[in-house]
Amino acid sequence: MSTAGKVIKCKAAVLWEPKKPFSIVEIEVAPPKAHEVRIKILTSGICRSDDHVVSGALKTKFPIILGHEAAGIVESVGEGVTSVKPGDKVIPLFVPQCGVCSTCLHPKGNLCKKSDIFTTGLMADGTSRFTYEGKPIHNFANTSTFTEYTVVHENSVAKIDPVAPPEKVCLIGCGFSTGYGAAIMSAKVEPGSTCAVFGLGGVGLSVVMGCKAAGASRIIGVDINKDKFPKARELGATECINPLDFKKPINEVLFDLTGGEGVDYSFEVIGRTDTMIAALASCHMNYGTSVMVGVPPSAAQLTFSPQLLFAGRTWKGSLFGGWKSKDSVPQLVSDFMVKKFTLDPLITHTLPFDKINEGFELLRAGKSIRSVLLF
Ligand code: CND
Ligand code: ZN
Ligand code: ZN
């Protein structure tokens, strides 16, 4: 029996307030309105950005359904939707691409003006499609994937190869694309470069892969958890260092390792202000570029010497790896299918959806790279 046009009751992991576990409850998911798409989620990865909301570092509205790295099947579409149809395999896009705003039209832009990443937590009409006992629940980052069904705007969903394995390609929805793109799209790493990657989680390891694909000759992994080093080496890091092993600040260690030059490209893939400045200070003072990939805490301010930039360094941020999402995600899935890159080493755990709290514990304990939840 078709569910199109009807309210669907399903399980969702609701976060009622920060610093609490998720509760799996039955919610109601309203049918998609005009230009919206209702998706049956098949798989969803756990990214540190979701945990930044749980920890309180990233401020959002509550209650909320988190999750932004998923694959699913279109269940039904609202009026006027043309780019996907029921039955299509899709990836929700936490950075949408409307294709017509000034950013979408700019060749360098990817942060579509229709984006609602960490602001209202509502659909474009100011309401939510999720309710629990009649009360609205906010959505997260244009996607909300820790639920059996979600509703997104048509700008926030891309149709992908129907045979792509959802338990793997969900990582193209965030972790892989964010890291890989930070290296090849945002930094534009050149062959022969020296790179330093601060933070070797799912996103940082994808930066390592991007640096390697771009032909970097030295890729230095930096992490306080040495258990992350073997996988970083497997994916392309030429050396790995632990800041806790040195008395000197890590930027000085990186200058020592590069004959006093500094690295050509550094990437902060943790989400801490001290490491953002350390990464900046690690790159060449004149032509070095540092890319901020880690999500900064909402309340954070930075204090740093302007001398760090004055001599010519470039400091930039990168959201979703700089990709124009709706155009690039189907292509990245095709590239995965023809083995241009691998996702397997990033997936350390697969868990049933109702073990979501266990998945977050693994991340916090530094024991997982990506846990993928199966619905
Ligand atoms: P994950 O937690 O898996 O990795 C972070 C790594 O940093 C871990 O291996 C830690 O051991 C390491 N680390 C922690 N503190 C330090 C420190 N002081 N010095 C060195 N290493 C340290 O996180 P992830 O890979 O899922 O995400 C990484 C960041 O990227 C995080 O801030 C997340 O919110 C962000 C992100 C950004 C975007 C984007 O579009 N820019 C999208 N998704 C996630
Ligand atoms: Zn993410
Ligand atoms: Zn746009």
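Start at 1 and go down the list; that is how both ligands and their atoms are numbered. Hydrogens, waters and symmetry mates play no part in the numbers below; they use all other heavy atoms, side chains included. In what follows, residues are counted from 1 in the order of the sequence shown.
- Side chain to side chain, Thr131 and Arg129 fail the donor-acceptor criterion of an N or O pair below 3.5 Å.
- The residues Lys159 and Asp88 are annotated as salt-bridged, a charged nitrogen and a carboxylate oxygen being separated by less than 4.0 angstrom.
- Residue-ligand proximity, Val295 to ligand 1, at heavy-atom distances under 4.0 Å covers atoms 32 (O), 34 (O), 35 (C), 36 (C), 37 (C).
- With respect to the salt-bridge test (charged N to carboxylate O, under 4.0 angstrom), the residues Lys231 and Glu234 do not qualify.
- The closest approach between Glu69 and ligand 1 stays at or above 4.0 Å for every heavy atom of the residue.
- Side-chain polar atoms of Gln331 and Asp335 form a donor-acceptor pair below 3.5 angstrom.
- There is no side-chain donor-acceptor pair under 3.5 Å between Thr289 and Lys316.
- Taking each of Gly45, Ala141, Gly294, Ser318 in turn, the one with a heavy atom nearest to atom 41 (N) of ligand 1 proves to be Ser318.
- Below 4.0 Å from some heavy atom of Leu363 lie the following atoms of ligand 1, by number and element: 2 (O), 3 (O).
- Between Phe375 and Phe353, the ring planes lie parallel to each other; the angle is under 30°, not in the 30° to 60° tilted range.
- Taking any N or O of Pro243, backbone or side chain, none lies under 3.5 Å from an N or O belonging to ligand 1.
- Each of the atoms 15 (N), 18 (N) of ligand 1 lies under 4.0 Å from some heavy atom of Arg272.
- His68 is listed as a side-chain neighbour of Cys47, based on a closest heavy-atom distance under 4.5 Å.
- Neither the backbone nor the side chain of Phe198 comes within contact range of ligand 1; no heavy atom lies under 4.0 Å.
- Of all the heavy atoms of Met292, none lies under 4.0 Å from any atom of ligand 1, so neither backbone nor side chain is involved.
- Residue-level proximity to ligand 1 for Arg48 is carried by backbone and side chain together, each with a heavy atom below 4.0 angstrom.
- Geometrically, ligand 1 and His52 share a nitrogen or oxygen pair separated by less than 3.5 Å.
- The shortest separation from a heavy atom of Gly366 to ligand 1 is not under 4.0 Å, leaving the residue out of contact.
- Taking distance alone, with nitrogen or oxygen atoms compared against 3.5 Å, Val293 approaches ligand 1 more closely than that limit.
- The closest heavy-atom contact to atom 19 (N) of ligand 1, among the options Ile224, Val203, Asp51, Asp50, comes from Ile224.
- Taking 4.5 Å as the limit, some side-chain heavy atom of Ile46 sits within range of a side-chain heavy atom of Phe146.
- Considering Ser206, Ala232, Gly221, Gly201 only, the shortest heavy-atom separation from atom 4 (O) of ligand 1 involves Gly201.
- Between Glu154 and Cys98, every side-chain heavy-atom pair lies at or beyond the 4.5 Å cut-off.
- Contact annotation for Asp223 and ligand 1: heavy atoms of both the backbone and the side chain come within less than 4.0 Å of the ligand.
- Residue Gly202 places a heavy atom less than 4.0 Å from ligand 1.
- Residue Ser49 touches ligand 1 through backbone and side chain together, judged by heavy-atom distances below 4.0 Å.
- With respect to the salt-bridge test (charged N to carboxylate O, under 4.0 angstrom), the residues Lys248 and Asp256 qualify.
- Looking at atom 14 (C) of ligand 1, its nearest protein heavy atom turns out to be Ile270 CG2, 3.6 Å.
- Under a 4.0 Å criterion applied to the non-hydrogen atoms of Gly271, ligand 1 contributes the atoms 32 (O).
- With ring centers used as reference points, Phe176 lies 6.0 Å or more from Phe336.
- Side-chain atoms of Leu346 and Met209, non-hydrogen and from C-beta on, do get closer than 4.5 Å to each other.
- Annotation: Phe320 places an N or O atom under 3.5 Å from an N or O atom of ligand 1; distance criterion only.
- Atoms SG of Cys47 and NE2 of His68, as seen from the Zn ion (ligand 2), are separated by an angle of 110°, to the nearest 10°.
- Considering both main-chain and side-chain atoms, Val269 never comes within under 3.5 Å of ligand 1 through any nitrogen or oxygen pair.
- Side-chain contact, Glu167 with Thr350: no donor N or O sits under 3.5 Å from an acceptor N or O.
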